[in-house]
Amino acid sequence: MANVLWLQGGACSGNTMSFLNAEEPTVVELITDFGLNILWHPTTGLQIGDQVQDLLRDILDGKVQMDILVFEGSIIQGPNNTGTMNLFADRPQMDWINDLSKVAGYVVAIGDCATWGGIPAVPPNPSESTGMQFHKKNKGGFLGADFVSKGGLPVINIPGCPAHPDWITQILVAISVGRIGDVLIDDYHRPKTFFTDFVQDGCTNVTNFAQKVDGGFGRRGGCLFYEVGCRGPMTRASCNNILWNRQSSKTRSNHPCLGCTEPGFPHNDLKKGSVLKTMKHLGVFPKEVPEGRSKLAYYMEAGFQKVMPTNKRVMETSK
């Protein structure tokens, strides 16, 4: 049995709701089949008020074992690194996190706010928000670059806005059955099981991407990368392989990927005109190209596809 404590930080509740919608396994199966004991959860926890505070103190005093600390939301350090913008159980929540992380078997950060700081960390960042072990792309965050839990691992990051529910439950299962050592993590501490392939892999518009068929909102059959800011070719996530609700994904419903599993999210720091629009040089060349490709090679290939299309629709729209 693994005891799990789930805490919720600043500006986030979507991952809590996502978790409760998990299907493989479900939250009920986590408890009945895999032996997870949820000590407290913001939505399902029975304790309220002083009872929560008593539970946290019992954990710190060693009276209650906590195998997994799950945290969602940004770590709010403001103002002036006091954390008093976000009080929880009569203390700045960041103080609880600092103490609890030292006694946790493993620490799991859920969602972009907890992993990289997310939207609250966009400059000027008045709340002084940051992630558990990263601030944007920079390792460090609240717990510091050298933090490792009692289980010997750094913070395990499961990003997303929100994170896919099955990413969350499957990692909790891996910990609870003693197999987390088999899970490889990348440079940003993401499990490679879910964050190796690109969102573009499995996208139903991938052929249109290869043949440069431009798409747009409300117009099916084209790729959203060229005009409306889809970041599928640069974003590592399994959204088109482990479908949401086993039904669909953003790109399959004709919405561009926002790149929410990458540490740069929100990209371009929400600069005006950068959301749902492809940023370009000279109004023609995308400023960012698929990962692993040189810009020159990509521009040449895309230009060739536009001039010498093999797709009927490209031929019609390239006249």
Checklist entry - Do T251 and L224 come close enough that some side-chain heavy atom pair is under 4.5 Å? => result no
[X]/[Y] ion pair, N-O < 4.0 Å:
| X | Y | value |
| --- | --- | --- |
| K137 | E262 | no |
| E288 | R293 | no |
| E291 | R236 | yes |
| R179 | D182 | yes |

What do you reckon, is [atom1] of [X] surrounded by more than 12 foreign heavy atoms closer than 6.0 Å?
| X | atom1 | answer |
| --- | --- | --- |
| D61 | CG | yes |
| K295 | NZ | yes |
| K277 | NZ | no |

Within the 3.5 Å criterion, strictly below it, is a donor on [X] or [Y] matched to an acceptor on the partner's side chain?
| X | Y | answer |
| --- | --- | --- |
| T16 | Q8 | yes |
| N3 | Q65 | no |
| W167 | S238 | yes |

Closest approach of [X] and [Y], non-hydrogen atoms and distance?
| X | Y | answer |
| --- | --- | --- |
| Q200 | V206 | CG-CG2, 3.9 Å |
| D99 | R91 | OD2-NH2, 3.0 Å |
| M279 | G273 | SD-O, 3.8 Å |
| N240 | S249 | OD1-OG, 2.5 Å |
| S274 | H267 | OG-O, 4.2 Å |
| A114 | E72 | CB-CA, 3.9 Å |

Item to check | Partner set under side-chain contact (heavy atoms from CB on, under 4.5 Å) for A104, not counting sequence neighbours | outcome: M66, L69, V107
Checklist entry - Checking side-chain contact (heavy atoms from CB on, under 4.5 Å) for the pair V52/D50: CA distance, chi angles, key distance, verdict? => result CA-CA 5 Å; V52 177; D50 291 342; over 6 Å; no
At what distance, to the nearest 0.5 angstrom, does [atom1] of [X] lie from [atom2] of [Y]?
| X | Y | atom1 | atom2 | result |
| --- | --- | --- | --- | --- |
| N37 | L30 | CG | CG | 12.0 Å |
| L258 | R231 | CG | CZ | 9.5 Å |
| N254 | R252 | CG | CZ | 13.5 Å |

If the test is side chain to side chain contact (heavy atoms under 4.5 Å, CB included), which one of [options] qualifies with [X]?
| X | options | value |
| --- | --- | --- |
| V108 | I175, N157, T115 | I175 |
| P25 | D33, I31, L36, T169 | T169 |
| V64 | V103, L39, L56 | L39 |

Next on the checklist: Treating Q93 as the side-chain partner and L87 as the backbone partner, does any N or O pair qualify as donor plus acceptor under 3.5 Å?
Outcome noted: no
Checklist entry - Are D166 and R246 close enough, and set up right, to give a side-chain contact (heavy atoms from CB on, under 4.5 Å), and what steps lead you there? => result CA-CA 10 Å; D166 294 347; R246 294 298 181 269; 2.5 Å; yes
Item to check | Residues N208, N205; criterion side-chain hydrogen bond (donor to acceptor under 3.5 Å, both in side chains); working and verdict | outcome: CA-CA 5 Å; N208 295 318; N205 283 326; 3.3 Å; yes
Checklist entry - Below 6.0 angstrom between ring centroids: does that apply to F71 and W6? => result no
Checklist entry - For the ring-ring contact (aromatic ring centres under 6.0 Å, His included) test, which of F134, F142, F265 pairs with W116? => result F134
Next on the checklist: Would K136 and D112 count as a salt bridge (Lys or Arg N to Asp or Glu O under 4.0 Å) here? Give the steps.
Outcome noted: CA-CA 9 Å; K136 299 293 186 178; D112 285 308; over 6 Å; no
